[in-house]
Amino acid sequence: MKQCIKQATRINLFLISALLCFSASLASAQSPRVASSQESKPANATPTRPTRYQINFALDFDARTFTATERVRWVNNDDRPASVVYFHLYANQRSNNGNAGGGNNNDAPRAAGEETTTATDEPRIEIKSVRHAETQSALAYALDEPATLLRINLREAVAPGAATDIEIAFAGSVPEIDPDETSLPSHVIQQLGAALRDTRETRRARDTNFRARGVMLLGTAYPVLAVRDGGEWQREVRPTVGDPLHTEVADYEVTIDAPADIALYTSAEARRAGTVTSSSSAATTSGGAITNSNAGGTTDTSGRAGVSGGTNGGAGLSVGTGVDAMKTGARSFAGENLRNFAILAGRGLQSGERTVGGVRVRSVWASEHEKIGRRVLDTAAEAVRVFTARYGALPVASLTVAEAPLVAGLGSAEFANLSVIASAFYVDFDSPAVRNLPELVREQRASVEDSLEFATAHMLAHQWWGMLVGNSPERAPVLDEALAHWSALVYYRETHGAIRAQAARDDQLRGVYEIYRTFGGEDMPALRPARDFRNSFQYAAIVSAKGALMYDALVKLLGEERVFTALRRYAEANRYEIAELDDLRGAFVAEAPVAERRAVTRTFDRWLSERHGDEDIAPPNPQLAAALGLTPETTGTPNRNPVSRLGRFFWRQMTRIR
């Protein structure tokens, strides 16, 4: 790739200049995811005594700080006693700390309470105390050097099947992100840079723990129990370009004390007067919202969920009536078998929801993005309908898709029951400000709108692949990413028909791989640890796109119905578990006719473990390479307008949500 970059230098300045013009124009217009054999896992297996978190947050939204106490009941589901428990402090992860290049799984303990200096643009969790929850006796603990791993020494070993209760007091803060870092031009420039540069990217804690444009996201704002696999704690967390969260399911009871005018949306269901109501902080009674019946048996409700107060009479919007929240600001949430717990908070957030097959599907948007937020709601509701029919119903009460001002380089982030998409892609191209922009900006409309629809379907699919069925995002990210990506194609086919689905396949999967190879990226196996992928562009081309296209090959081999049957059985057998490749492959082998079982294994090997991308997907595009200056022009006169010649294909790829 380095040689390709050298060849590209003669036009790179022109491309960057064009993008900077793009940035200046659009910025003024835009406001702001333990293997055992398939047969050994009983269907719908649920841990008999799951871990339980009880967390009380006091959130100072304006100061960007919080204090909290966390009570954790940990059940030793292993067959050996344990005297040490480990928690991850994901918010303290830094891309340049000792774990970034290390390959060991060893602690580097230091004195309890000892902290290191951290830049103000990073989030932080500080442990204040650790106690036995019942006796309130202090427990000895230590933090590793970057303060990302908390080791707690128990007073007595916990026998197999027994439990212990731990109470952790902690405080935290999140940075304020510059709005310029979250704009669409910044996202486009970041993607172009990932395509042109052979540099390594890693996810930062600030990507999902921040405040920007009046919205706060707390993606990992509490100590999270490490996964225990075969009697060994999985202590190492490496910064990679993929999802850092590797967790078991757990039950959560969370109380958040926040200003009454702050809307709260979380991974769990809101509770009031002893009743679980919804995953926003101010679910209203049936009399407090305007409800319309829709074809297909869905219910559509629009509201400013999460804002305490009276009723916005005549506006068709409902406002929460939580009297307790009005007085104290404390709101409670509860959920079972969640992979994690995330919080989205802010003033002026609005939402609409629709009931699909007994599940409340919600879209959350900033007040200036209502038109786009309602379009996302349409997509989300249809995606849940399609995936429920194909993969089985999720055991949840509600699912939320929300916009948040994510930094460039991160187009979306998935949490339990809460999917977040970058606000940068919530662009209303019919608004006067956008209509007055240059043609170069306006002609990206189809790309941005299509990318948002595809991303919405992709994110909802992660609630099946990644949340219901877990996997290690570091060891084998292809398990959930490829399935979620292919599921978005399923949504397109069943919602828009074969022609639109083929177009989405060409743009979102085949096209991503083709332009990656054209820029000099190397074909590689998709079944690789996340740390082996250098940046988001390579990750999208190999893990998401190439991995997803394997399922098209399986459909050709087995037929559509067998593929969907295999995926339903995979979901049933691995519900609430942490699956591995053998579990997924075993589901397809079990569904295949005996004569085709070897072919199934060969298909998995070809697409995930071997290098046949150019043959199976697309080779580098010589015309695009020539226009970019990556190869010498062999005929004709020099191109005086590279951007024009690159055309829609190139810019579609640069405006994708990754």
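None of the values given here were measured: they were computed from a predicted structure.
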Please lay out, stage by stage, how Arg585 and Asp582 fare under the test salt bridge (Lys or Arg N to Asp or Glu O under 4.0 Å). CA-CA 5 Å; Arg585 181 167 46 207; Asp582 285 347; 2.7 Å; yes
Could you tell me how the ring of [X] sits relative to the ring of [Y]: parallel (under 30°), tilted (30 to 60°) or perpendicular (over 60°)?
X      : Y      : value
Trp233 : Trp74  : tilted
His462 : His458 : perpendicular
Tyr570 : Trp465 : parallel

In Å, rounded to the nearest 0.5 Å, how long is the span from OH of Tyr86 to CG of Leu225? 12.5 Å
Distance from Gln93 atom CD to Thr240 atom OG1, nearest 0.5 Å?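 Answer rounded to 0.5 Å: 9.5 Å.
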Return the set of residues passing side-chain hydrogen bond (donor to acceptor under 3.5 Å, both in side chains) with [X] (not counting sequence neighbours), or none when no residue passes.
X      : result
Tyr90  : none
Arg531 : Glu474
Trp486 : Asp552
Arg52  : Glu253

Salt bridge between Lys546 and Asp523, side-chain N to carboxylate O under 4.0 Å?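 A salt bridge links Lys546 with Asp523.
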Show, in sequence, the C-alpha distance, side-chain angles and deciding distance for Glu560 and Arg493, and conclude whether the salt bridge (Lys or Arg N to Asp or Glu O under 4.0 Å) test is met. CA-CA 12 Å; Glu560 188 176 85; Arg493 186 182 68 248; 2.9 Å; yes
Applying ring pair (Phe, Tyr, Trp, His ring centres under 6.0 Å), name anything that partners His496, two or more places apart in sequence or on another chain. Tyr491, Tyr492
Of Arg510, Gln508, Gln502, which meets side-chain hydrogen bond (donor to acceptor under 3.5 Å, both in side chains) against Asp506? Gln502
Any non-hydrogen side-chain atom of Phe537 less than 4.5 Å from a side-chain atom of Glu201? no
Counting only heavy atoms from other residues, nucleotides and ligands, does the tally under 6.0 Å from CD of Gln54 exceed 12?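 Yes, the 6.0 Å shell around CD holds more than 12 heavy atoms from other groups.
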More than 12 foreign heavy atoms under 6.0 Å from CZ of Arg598: is that the case here? no
Ignoring hydrogens and geometry beyond distance, is a side-chain donor-acceptor pair present between Glu70 and Tyr53 at under 3.5 Å?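 The answer is no; no qualifying pair exists.
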Can you list the residues that meet the side chain to side chain contact (heavy atoms under 4.5 Å, CB included) rule with Ala526, with sequence neighbours excluded?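 Only Val478, Ile542, Leu608 meet the side chain to side chain contact (heavy atoms under 4.5 Å, CB included) criterion with Ala526.
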Could you walk me through whether Tyr252 and Thr266 pass the side-chain hydrogen bond (donor to acceptor under 3.5 Å, both in side chains) test, one step at a time? CA-CA 11 Å; Tyr252 284 82; Thr266 79; over 6 Å; no
If we check side chain to side chain contact (heavy atoms under 4.5 Å, CB included) with Asn574, which of these qualifies: Leu479, Asp583, Leu584?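 Filter result, single survivor: Asp583.
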